[in-house]
Amino acid sequence: PAFGLFIFTIARDPLRIIILIAGAFFWLVSLLLSSLIWFIAVKASNPQDERLQKGLLIFGVMFSVLLQEAFRFLYYKLLRKAIEGLVALSEDGCSPISIQQMAYVAGVGFGLMSGAFSMINLLADALGPGTVGIHGDSQLYFLTSAFMTMVLIFLHTFWGILFFHGCEHQRWWEVAAVIIMHLTVSGLSFCNPLYVGSLVPSYLLMAAAAAWAYLLSGGSAQNLRRFLLCKC
């Protein structure tokens with residue numbers, strides 16, 4: 001369902017595709033930089049110290065989140081400049097795409113790239129060696145990983161809308177809320193293999209972020225009711 005966002009809302013518009021690919025590239029660069037820093041930290045530390053290695057892993061995850069949000073801010077600045085250029089080049093003085101639409105497409109770009117890397121890691125684990133659950137561990141690893149990937153794609157989409165709205169109106173508490181939610185969801189992954197402890201709060205946060213993003217985008221309860229009832 002998450003990858004359907006691209007097919008149904010972005011695939012037919014060349015400008016949206018460009019914005020999505022650029023957003024995916026920004027997320028990829030943030031991952032590359034955070035992975036490089038974590039790799040250097042691990043190599044420079046004592047590999048026999050399990051407590052230190054676990055601390056470095058937590059540091060790597062938290063640093064990666066902060067770097068992703070920093071690149072999301074840089075991408076917002078870039079798109080803001082792009083809108084000014086589009087307005088200057090247009091005949092009617094209007095941009096062919098609004099900042100709200102850019103926020104949505106950029107969020108999908110971040111989410112799809114994040115989901116793609118999650119799927120690659122999952123498929124790599126599926127190749128073996130070993131069998132999931134053979135030592136009494138949960139056999140729901142692949143299923144829960146798929147659900148977690150989906151929630152992250154949707155969350156990045158909603159976070160993009162909230163983040164851009166906060167930057168556009170200088171409501172920095174909205175930006176801070178996005179960062180806190182991102183840190184929370186990433187931190188919940190350390191609850192695994194207690195998957196209920198990570199999945200349930202993540203989906204609750206996704207529902208809250210979805211409702212918030214819907215309202216900031218101009219949605220209302222009446223419009224939602226009309227949509228669910230298939231009324232024009």
Side-chain angles (χ1 to χ4, degrees), residues 23-75 107 109-156 158-160 162-163 175-206 209:
F25 174 76
F26 268 71
W27 185 92
L28 191 60
V29 173
S30 72
L31 177 67
L32 176 63
L33 291 178
S34 59
S35 299
L36 180 62
I37 293 174
W38 177 79
F39 178 78
I40 294 173
V42 169
K43 290 299 181 181
S45 61
N46 180 13
Q48 305 300 325
D49 191 338
E50 294 184 1
R51 185 175 180 180
L52 175 61
Q53 293 303 315
K54 184 176 181 180
L56 287 175
L57 179 61
I58 296 174
F59 162 77
V61 171
M62 299 299 109
F63 181 78
S64 177
V65 169
L66 296 176
L67 200 58
Q68 287 177 47
E69 297 306 327
F71 270 80
R72 199 193 302 272
F73 180 74
L74 291 176
Y75 193 40
F110 269 61
L112 288 182
M113 184 55 68
S114 173
F117 265 80
S118 297
M119 289 183 63
I120 290 173
N121 293 332
L122 185 63
L123 293 174
D125 290 338
L127 293 177
T131 302
V132 175
I134 194 172
H135 292 297
D137 296 325
S138 174
Q139 298 184 10
L140 301 177
Y141 169 70
F142 294 113
L143 182 62
T144 53
S145 296
F147 277 104
M148 196 65 189
T149 298
M150 183 177 70
V151 75
L152 280 174
I153 294 174
F154 281 123
L155 276 172
H156 270 293
F158 303 140
W159 287 338
L162 299 175
F163 194 97
V175 175
V178 170
I179 297 174
I180 291 173
M181 283 191 287
H182 198 167
L183 288 170
T184 301
V185 172
S186 298
L188 286 171
S189 62
F190 293 107
C191 294
N192 295 333
L194 182 61
Y195 297 117
V196 175
S198 60
L199 277 178
V200 173
S202 296
Y203 271 83
L204 291 175
L205 278 175
M206 184 191 71

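None of these values were measured; they are calculated from a predicted model.
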Can the ring centres of Phe117 and Trp27 be said to be less than 6.0 Å apart?
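For Phe117 and Trp27, the ring centres are under 6.0 Å apart.
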Testing the basics here: between [X] and [Y], what is the closest heavy-atom pair and its distance to 0.1 Å?
| X | Y | result |
| --- | --- | --- |
| Val185 | Met148 | CG1-CE, 3.8 Å |
| Ser30 | Gln68 | OG-CG, 3.5 Å |
| Thr149 | Ser118 | OG1-CB, 3.4 Å |
| Met181 | Ala209 | SD-CB, 4.4 Å |
| Ser202 | Ser198 | OG-O, 2.6 Å |
| Phe163 | Arg72 | CG-CD, 3.5 Å |

Should the pair Phe26 and Phe71 be assigned to parallel (<30°), tilted (30 to 60°) or perpendicular (>60°) ring geometry?
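Perpendicular.
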Hey, what's the ring geometry for Trp159 with His156, parallel, tilted or perpendicular (30° and 60° as the breaks)?
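Judged by the thresholds at 30° and 60°, the geometry between Trp159 and His156 is perpendicular.
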Give a yes or no on this: more than 12 heavy atoms of other residues, nucleotides or ligands lie within 6.0 Å of atom OH of Tyr203.
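Atom OH in Tyr203 is packed in, count exceeds 12.
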Looking at [atom1] of [X] and [atom2] of [Y], how far apart are the two atoms once the value is rounded to the nearest 0.5 Å?
| X | Y | atom1 | atom2 | answer |
| --- | --- | --- | --- | --- |
| Phe63 | Leu33 | CZ | CG | 7.5 Å |
| Phe190 | Leu188 | CZ | CG | 10.5 Å |
| Leu204 | Met206 | CG | CE | 9.0 Å |
| Leu199 | Leu143 | CG | CG | 8.5 Å |
| Phe25 | Leu32 | CZ | CG | 9.0 Å |

What verdict does the side-chain contact (heavy atoms from CB on, under 4.5 Å) test give for Phe73 and Val175, after you've listed the backbone C-alpha separation in whole Å, the side-chain angles of each residue and the deciding distance to 0.1 Å?
CA-CA 9 Å; Phe73 180 74; Val175 175; over 6 Å; no
Expected output: side-chain Ser186 to main-chain Leu183 donor-acceptor under 3.5 Å
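Answer holds: no.
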Has Ser64 got a side-chain atom pairing as donor or acceptor with Gly60's backbone, closer than 3.5 angstrom?
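Checking the backbone N and O of Gly60 against the side chain of Ser64, no donor-acceptor pair under 3.5 Å is found.
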Taking it one step at a time, do Phe147 and Met150 satisfy side-chain contact (heavy atoms from CB on, under 4.5 Å)?
CA-CA 5 Å; Phe147 277 104; Met150 183 177 70; 4.1 Å; yes
